[in-house]
J.: 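Have a look at the structure that comes next, please.
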Amino acid sequence: MTDLRVGLQKTTLIDYPGLVACVVFFPGCNFRCPYCHNPELVELTPREGMISIGELMQFLTKRSAVLGGVVLSGGEPLLHPVETLKELVDRIRALGLKVKIDTNGSLPDRLACLKPDYIAMDIKTSLENYPKVGAGRTEEARDLLRESIRWIIASGIPHEFRTTVAPDIITRDDIHRLIPLLKGTQAWYLTRFRPGVTLDPDYTNREPCTSGEMEEMRGMIASAGIPVYIR
Ligand code: SF4
């Protein structure tokens with residue numbers, strides 16, 4: 001099918017809502033979030049331990065009776081050729097499994113072409129501040145993010161938006177600017193940044209925000225009528 005190699009987490013109970021799933025990690029990302037916890041996946045170069053798509057399909061075929069879904073994650077899975085992804089999605093569905101895509105939202109056309117069964121899109125900060133995560137530097141790039149958000153909300157596909165609340169990346173002002181864009185969503189999850197292995201070493205020991213700050217952001221979103229949860 002392709003010489004693509006991917007990482008595999010064989011089982012997860014938390015990454016596909018309501019289903020036992022596995023997670024497929026695609027290498028390469030077009031963003032550079034300083035707090036990224038998967039720095040080894042940001043470059044396109046496959047790393048040790050990755051498997052071919054043939055090996056992935058062998059695993060899925062064997063485990064299709066116990067799995068309910070497959071999460072395509074990364075990195076940014078949609079950076080890979082859409083024909084390759086489409087063929088993979090079709091083969092996964094032929095095994096009776098559902099497909100979730102985790103995306104940073106920069107490639108709305110590819111997302112719409114694949115029409116997964118569940119979508120999780122990261123919302124990093126207000127669109128104006130996306131350069132802080134190495135993205136959204138032009139109006140065209142910000143338009144693509146807007147388009148993904150609008151398409152996901154209008155699609156009727158089960159979905160969630162998720163935001164890592166990271167210091168110096170997102171503030172209450174950013175939340176305020178995002179609320180009109182996220183109106184109509186099924187769910188917006190806020191996750192507190194955790195120090196640890198990060199793409200930018202400056203973030204390795206950064207203090208996460210407080211529970212009070214998280215709760216304040218949650219309250220702002222909830223009072224706009226958007227279903228919001230702290231994860
Ligand atoms: S956290 Fe940012 S840099 Fe890391 S994989 Fe996700 S979008 Fe890419």
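One-based numbering, in listed order, for ligands and for the atoms of each.
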J.: Under 4.0 Å from any heavy atom of Phe31, which atoms of ligand 1 are there?
T.: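 Every atom of ligand 1 under 4.0 Å from some heavy atom of Phe31: 3 (S), 7 (S).
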J.: Would you say Asn104 and Ser106 are linked by a side-chain donor-acceptor pair, where the criterion is simply a distance under 3.5 Å?
T.: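 Indeed, the side chains of Ser106 and Asn104 share at least one donor-acceptor pair under 3.5 Å.
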J.: Could you pull out, from Cys36, Cys29, Pro34, Ser106, the option with a heavy atom nearest to atom 4 (Fe) of ligand 1?
T.: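 Looking at heavy atoms only, the winner is Cys36.
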J.: Given that the side chain starts at C-beta and the backbone is N, CA, C, O, which of these parts of His37 lies under 4.0 Å from ligand 1, counting heavy atoms, or is it both or neither?
T.: neither
J.: Assess whether a salt bridge exists between Asp90 and Lys86, defined as any Lys/Arg side-chain N lying under 4.0 Å from an Asp/Glu carboxylate O.
T.: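 Result for this pair is yes, salt bridge flagged.
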J.: Name the orientation class of the two ring planes belonging to Tyr130 and Phe31 (parallel below 30°, tilted from 30 to 60°, perpendicular beyond 60°).
T.: perpendicular
J.: Side chains of Thr204 and Thr198: any donor to acceptor distance under 3.5 Å?
T.: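 Note: Thr198 and Thr204 side chains meet the donor-acceptor criterion.
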J.: Using heavy-atom distances only, which candidate in Ala135, Pro77, Cys33 approaches atom 2 (Fe) of ligand 1 most closely?
T.: Cys33
J.: Which atoms of ligand 1 have any heavy atom of Gly75 under 4.0 Å away?
T.: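 Listed by number with element, the hits are 5 (S).
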J.: For Thr61 and Gln58, which I'm curious about, is there any donor-acceptor pair between the side chains at under 3.5 Å?
T.: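 Short answer, no.
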J.: Taking only heavy atoms of Lys124, which atoms of ligand 1 are found under 4.0 Å from at least one of them?
T.: 1 (S), 2 (Fe), 6 (Fe), 7 (S)
